[in-house]
Protein chains: 2
Amino acid sequence: MAQPEADLGIVDALAQLSFLVQGMLAKRAAAHDLSMIQTRLLGVLRDREPTMQELARLLELDKSSATGLVDRAEKRGLVKRTPSIEDRRSIRVTLTPLGRRIVSDAAGAFQTDIMSATACLSTADKKRLATLATRVITDYGRQLDGRALGG
Amino acid sequence: MAQPEADLGIVDALAQLSFLVQGMLAKRAAAHDLSMIQTRLLGVLRDREPTMQELARLLELDKSSATGLVDRAEKRGLVKRTPSIEDRRSIRVTLTPLGRRIVSDAAGAFQTDIMSATACLSTADKKRLATLATRVITDYGRQLDGRALGG
DNA sequence: TATTGTTATACTCTATAACTATA
DNA sequence: TATAGTTATAGAGTATAACAATA
């Protein structure tokens, strides 16, 4: 029935793959009634306790957008604001136990999704895909660094 | 200076790659003052003239959300509503010449981004990456079909 | 009755500008 | 003066529920 299809070009292949992966993330987030940006918020807080300004930079948001984002997460008991000791203008944002539990659940479910989606690949091919993706990601990071340093 | 880094695991590699690619799309869309969903709207209209209901299904939106989306795009002269002949309840949504020009520009710029981001890969490795991504995408489509058919 | 599309409403998410408090 | 954060405001984007027109 299904013909052996021709490979997509690299552009369409990466675009479609990105929508597939983001869709999985969004679905697992929605299972906890979280938007993507709320999920990213919890994600960055897993190993950081940033100030509002640092948080805005990490999420590439205006500081006023970060205020609203944290307001809504705090109202749901997912994060907590604590005054900074060093600078009385600053506050630090941290995960609550509930927030940590939810982000761990979502991350675990997403991992299951990816393993399921790549189950059609041999172990060697999975490794190849991870290697190639890693090279693109790290090379892109270096391009950004170069731009930032060089002008 | 930079150590040869270990590959990311498949989960992190695909997640980070998806954010990288979506960021490129968003940046090229923003250059035309378009959101991702507006860009997707123009994208699906490149080779279709759907009814509002079909459009909502294609974009996975509620029909009322599609109404607002098309309202805003129409106000900017990017799309056009035309009455359907077959069913007087229906309308068809089509690209205007401006909308078509803008989506073509954005698609071309995005293609440049992807070629630049994968310039670190040999031609053979680019082909491998496209092949592996295509297999994941098509296998996922088959899983969905199987679920839809089997229950 | 069922379907197509819109409207009314409410919420999240976002940025700009103005503001308060602290440095 | 400059920085950290909030508030006021405006707009995009989303869903639910109720509605009008057509089938």
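To find a chain, count down the sequence lines: A is the first, B the second, and so on, and within it residues start at 1.
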Quick one: side chains of residues 16-24 of chain B, donor-acceptor pairs under 3.5 Å with protein atoms, not counting sequence neighbours, listed by atom name and distance.
residue	atom	partner	partner atom	Å
B/Ser18	OG	A/Gln22	NE2	2.8
B/Ser18	OG	B/Ala15	O	2.7
B/Gln22	NE2	A/Ser18	OG	2.8

Would you say C/dG5 has OP1 or OP2 under 4.0 Å from some side-chain N or O of B/Arg88?
-> no
Ion pair B/Arg142/B/Asp139, N-O distance below 4.0 Å = no
A/Ala119 versus A/Lys126, closest heavy-atom pair with distance = CA-NZ, 4.3 Å
Between the protein and nucleotides 16-18 of chain C, which nitrogen or oxygen pairs are less than 3.5 angstrom apart?
residue	atom	partner	partner atom	Å
C/dT16	O4	A/Ser64	OG	2.6

Beyond-backbone contact of B/Leu98 with B/Ile102, side-chain heavy atoms, under 4.5 angstrom | yes
For atom CG of B/Leu55 and atom P of C/dT6, their distance in whole Å = 10 Å
Using 4.0 Å as the upper bound for N to carboxylate O, is an ion pair formed by B/Arg81 and B/Asp71?
-> yes
What distance separates B/Ile137 CD1 from A/Asp7 CG, expressed to the nearest 0.5 Å?
-> 10.0 Å
Quickly work out the B/Ile91 CD1 to C/dT3 P distance and round it to whole Å.
-> 19 Å
Which is the 5'-most and which the 3'-most nucleotide of DNA chain D that has an atom under 4.0 Å from a heavy atom of chain B?
-> D/dA12 to D/dA23
For A/Ser90, check side-chain hydrogen bond (donor to acceptor under 3.5 Å, both in side chains) against everything at least two apart and list the hits.
-> none
Separation of A/Asp71 atom CG from C/dT14 atom P, in whole Å?
-> 13 Å
Indicate, with a heavy-atom threshold strictly under 4.0 Å, whether A/Arg81 touches base, sugar-phosphate, or nothing.
-> sugar-phosphate
Side-chain donor-acceptor contacts of residues 40-56 of chain A below 3.5 Å, not counting sequence neighbours, with atom names and distances?
residue	atom	partner	partner atom	Å
A/Arg46	NH2	A/Ser104	OG	3.3
A/Arg48	NH1	A/Val44	O	3.0
A/Thr51	OG1	A/Glu54	N	3.2
A/Glu54	OE1	A/Thr51	N	2.9

Within this structure, what is the CZ-to-C1' distance between B/Arg92 and C/dT4, rounded to whole angstrom?
-> 12 Å
Protein N or O to nucleotides 9-13 of chain C N or O, pairs below 3.5 Å:
residue	atom	partner	partner atom	Å
C/dC13	OP1	A/Ser35	OG	2.1
C/dC13	OP2	A/Gln38	NE2	3.0
C/dC13	OP2	A/Arg72	NE	2.7
C/dC13	OP2	A/Arg72	NH2	3.3

Expressed in angstrom and rounded to an integer, what is the separation of A/Met52 atom CE from C/dA15 atom P?
-> 13 Å
Is A/Ser90 touching bases, backbone alone, or none of the nucleic acid, heavy atoms closer than 4.0 Å?
-> sugar-phosphate
Stepwise, does the side chain to side chain contact (heavy atoms under 4.5 Å, CB included) test hold for B/Met115 with A/Ile10?
-> CA-CA 8 Å; B/Met115 296 317 286; A/Ile10 185 77; 3.9 Å; yes
Linking I/L/V/M/F/W/Y whenever their side-chain heavy atoms sit closer than 4.5 Å, directly or via other members, would A/Ile37 and B/Leu25 fall into one cluster?
-> no
Which of A/Arg101, A/Arg76, A/Lys80 passes side-chain contact (heavy atoms from CB on, under 4.5 Å) with A/Thr96? Answer is A/Lys80
Give one of base, sugar-phosphate or nothing for A/Thr51, where a contact means two heavy atoms less than 4.0 Å apart.
-> sugar-phosphate
